[in-house]
Amino acid sequence: MAGTGAPLLRLAGVRKEFPGVLAVREAALDVRAGEVHALVGENGAGKSTLIRIVTGAHEADGGTVELDGAPVRWSSPLAAAHAGIAAIYQELDLIPALSVRANLFLAREQARLGFIAAAEERRRAREALSRLGVDLDPGVRVGTLEVAQQQLVAIARALMEHPRLLVMDEPTAALASGEVERLFRVIRELRGQGIGVLLVSHRLDEVMAIADRVTVMRDGATLGTWPARDLTRERLVELMVGRPLDQEFPKVRATSGPEVLSVCNLSGGRVSDVSFSVRAGEVLGIAGLVGAGRTDLARLIFGADPPQRGQILLDGRPVVIRTPRDAIRHGICLLTEDRKAEGLVLGLSARDNFALPNLDRWSPWGWIRRRKELSAFERFVASLRIRLAGPGQPARDLSGGNQQKLLLARWLERDSRVLIFDEPTRGIDVGAKHEIYLLINELTARGKAVVMISSELPEVLGMSDRILVMHRGRVAGEIQEAAAATQEQVLEMAVG
Amino acid sequence: MADATDRGPSLLSRLLSGYGMLGVLVLLAAFFSVATIQEQQPAGEAAARSLARQLEGTQLEGTTVIIIGRGGEEDARFADTLARRVRERTGKAPVVVTGEPAEARAVLARAAEQGVTRCVVATTQASAPVVRSILESLPQLAGAQVLTPASYRWPTFLLPENLRNVANQIAVIAILAVGMTMVIVTGGIDLSVGSLIALAAVVTASLIGRMGGEGAGAGAMVLGGAATLALCGGIGAFSGLMITRFKIPPFIATLAVMQVASGLAYIISEGRPVYKLPQSFVLLGRGADPVLGIPWAVLLMGVLYAAAHVLMSRTTLGRYIYAVGGNAEAARLAGVRVAAVLLFVYTASGALAGLGGVVMASQLRSGAPTYGLMYELYVIAAVVVGGTSLAGGEGTIPGTLVGAFIIAVIQNGMNLTHVESYSQKVILGLVILGAVLLDRLKQRGVRRRG
């Protein structure tokens, strides 16, 4: 096994407290040079806080952080970067308006007398990108790239510094499987060069595939570190949730009713000529590669983007949907792919976010009946087990899983008939995933129609009744019996 | 948003974080109070009360009481009040003179001729020297006793009339700041409000001029004011339309409207102030309610702040304003009519600027295209000092009121301490910077702990 000898990074007894929350109770782990070390745990277990301590974004309240055996205490990410620690966070910290090259060289421009040596930068940018196997013009603006490509640019940027320790928080969350493989090749190569990699991921298959050792966190404390080859996926899940998990995809088939939503020859944006329908009590999975137009399709139906052609029918009757407001009033809701940019108003409280599309339900003449609002909110906090300090807590401060539950609660309160979920479990831990699957079951049992877009093939196969596969904006195929299908079948259709 | 139903931090800490600027305001007021402590000469009723107290210790049997004051409303109140108090005590009306020194001399001379010996002359501090010099020329009255109100030490800043003055002077800026707060919470900006003041003042003055000028009735004034408000609201709506329909950045759209409105004000007034306004028109700007003596403009301001606070914290529209400023796309995807919300805030800002213009025309009893110059910057400063983030999504109406008063208190305090006007600008600028800096530092402290 790669990576033996003295640890590069060692944490012992690390503690971090925020007002009202003990985020990290006691954490210990060590990362050796030339190993891939995975940190796993449920949402809210304290993983993000812990790696932010490693990268200098937070300061620990107690315990020691050692680099090469010497205790360190850095007060800023910059100080950590100088010590050879590079970080890639879940949130992409790229500047969309600047080019790929400008982003790669941000704050370390290749300049002579203040003039940027563009040719030199371009050459090195191409080099850095091709090392990741990305064929990308460095002159393209980052904002025009897809999320997966942006992720690769972020990784390329982190590698520009030639770090000794690379910290990655959910680097594959936005990547399709082909791109994941490419990223893993890069990670293995880095490991070969003696770089330590600390990886946080919810995708346990990937953890098992790439990690040398795994540290499990639960409730703010590390449980221990195990060599990956001594662990099974099931054992890992058990460690994370603290109890055996019966079944990863607890799919229950509901009796399907009449067609609720039908889409005829819908075109617009990347989508061209798509037709399909969903029945009451049915889950229609939509699979496809990143960029196949799945999100665009969801946005067209929801009225978020203007459709060019086509028709949407509800209960067999054509409806006109020009804005999200129209869609919501017709009982269609959309759980967006990007929680932070398109779902939540991060600065507003959890309760206000929950209430945003539902205010009309308890606000006669525009006057908010706050007691009614609060009781509606607390009903969902309890039933979805949303963990928060209080209804006034800003949505920004919630963990990813709780943010997603908050957005779900918003649409459940609405009692929508058609629920479109775009990547409902992205960046969410196993426990919360399971809860969302159970919720989908409950919805179909109540006769709701669910459209589920997902990049995780096991999820699409495990939770759908029927699967629609998209390729380049068109329907490439349909699988009537999701339970009997295989990943290969879906992939074959997805690549066209 | 502060909220009674929220749990978590204590009420006190929420007040401190939400309205930390209130502390700054209190400190400023305390500073200027100490800096302006002076001998105060009572006037009017207060002077009469002081003298009545002094007369209580004097034997008034067989004594002639003469009350002397100058002309003017305040001295008339002084003389009336004191005369009543003396009559209540002695059952005999005192001799009262208010007017020119010559009249006082005539009355005193007559008293001397009548052989009055025991005599008390009650007068104000201001009139005392004149009275004394008259008495020196009348040897018959050498035994006359001259009483003046006792002076006392008290901060000029804290005199009721000064406080009223502070409130009245900031009323226009504060009224505009209500609309500006809403605009800035949505993440926008409205640069046109200063010019709208000028336009509103000119239009309202011209309209009332057309409807009777100095002889215009109450109906004409209300109609003129309402039409002006509608016009300015319409101009605000036009800015809003440019911003929502054609996606012009608020800074640019309102910058353009600022130029247009200012130009229109000059065209309508032909570059000259419009004066023909009835005396009763100044009631709004200079009058005060008869019970507590609070200026009408200040009461209007208070009502607007209360209404806006309720709107922002208790209604769906208010919630949408915060949501649009926090994340417009997320709000749209939650079914919020973002364009309608933006249209509302710019219309409200325009209409409130119109109202500010009408109040200013009333204060100055004229309308001129030079009014409101640079006011947009004072208004923005009040909003920002009040804790509203220019990035949008956060800020409160009460915070803005505090911000407006911070600016008003600084200006008033510097006038009272005789800081000359060029230095005033420098100091005001630095204080605005300091106030916001303080807030940022405090927030950073909270974040670090949180």
Side-chain angles (χ1 to χ4, degrees), chain A residues 17-21 58-59 299 302-304 323-329 333-336 338-349 351-353 355-360 362-371 373-374 377 388-397 407 410-411 414, chain B residues 1-11 13-14 17-18 185-187 244 307 310-341 344 387-396 443 445-450:
Chain A
E17 198 173 346
F18 297 116
V21 194
H58 287 326
E59 242 178 295
R299 287 175 64 90
F302 189 61
T323 63
R325 192 180 161 79
D326 294 342
I328 292 166
R329 274 198 285 194
C333 71
L334 170 67
L335 190 69
T336 51
D338 190 337
R339 283 192 290 279
K340 290 179 180 176
E342 299 173 331
L344 297 163
V345 182
L346 290 169
L348 282 187
S349 70
R351 183 205 46 214
D352 289 357
N353 271 288
L356 200 54
N358 298 316
L359 282 174
D360 56 323
W362 50 73
S363 307
W365 303 100
W367 180 263
I368 300 171
R369 305 279 291 273
R370 291 201 280 192
R371 205 162 298 170
E373 176 177 86
L374 191 66
F377 177 61
L388 72 174
Q393 189 178 21
R396 177 182 290 125
D397 297 347
L407 287 170
R410 154 199 283 195
W411 297 124
R414 193 84 231 173
Chain B
M1 271 191 295
D3 193 326
T5 54
D6 287 355
R7 283 184 216 126
S10 72
L11 181 73
S13 74
R14 265 191 288 125
S17 63
V185 167
T186 66
T244 54
V310 168
L311 174 88
M312 290 294 272
S313 60
R314 299 301 301 269
T315 69
T316 53
L317 179 57
R319 194 72 73 73
Y320 292 154
I321 289 173
Y322 282 104
V324 167
N327 186 342
E329 179 63 4
R332 187 176 79 96
L333 292 177
V336 175
R337 281 181 295 188
V338 174
V341 169
F344 169 81
T388 297
S389 159
L390 278 177
E394 48 186 302
T396 64
Q443 274 183 12
V446 171
R447 290 251 164 82
R448 189 159 290 170
R449 267 176 280 126

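Note on naming: letters A, B, ... go to the chains in the order of the sequence lines (proteins, then strands), and numbering restarts at 1 for each one. Here the structure is a predicted model, which means the values were calculated and not measured.
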Check: Hey, mind stepping through B:Arg332 and B:Glu329 against salt bridge (charged side-chain N to carboxylate O under 4.0 Å, His left out) and telling me if it holds?
Finding: CA-CA 5 Å; B:Arg332 187 176 79 96; B:Glu329 179 63 4; 3.3 Å; yes

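Checked by atom type and distance alone, the side chain of B:Tyr320 never pairs as donor or acceptor with a backbone atom of B:Thr315 at under 3.5 Å.
Annotation: maximal heavy-atom pairing with chain A below 4.5 Å, among B:Gly325, B:Gly326, B:Gly393, B:Ala323, occurs at B:Ala323. Of all the listed residues (A:Ala304, A:Ser363, A:Gly347), the one sharing the greatest number of non-hydrogen pairs under 4.5 Å with chain B is A:Ala304.
Contacts between A:Leu344 and chain B at a heavy-atom distance below 4.5 Å involve the backbone alone (N, CA, C, O). Only the side chain of A:Trp411 comes within contact range of chain B, with heavy atoms under 4.5 Å apart. There is no contact between A:Ala327 and chain B, counting heavy-atom distances below 4.5 Å. Contact of A:Arg299 with chain B is made through the side chain alone, with heavy-atom distances under 4.5 Å.
Partner of A:Asp360 under the salt bridge (charged side-chain N to carboxylate O under 4.0 Å, His left out) criterion, out of A:Arg325, A:Arg329, A:Arg414: A:Arg414 alone.
Contact annotation: the side chain of A:Leu335 never approaches that of A:Arg410 to less than 4.5 Å [non-hydrogen atoms, C-beta and beyond].
More than 12 heavy-atom neighbours from other residues, nucleotides or ligands sit within 6.0 angstrom of CZ on B:Arg314.
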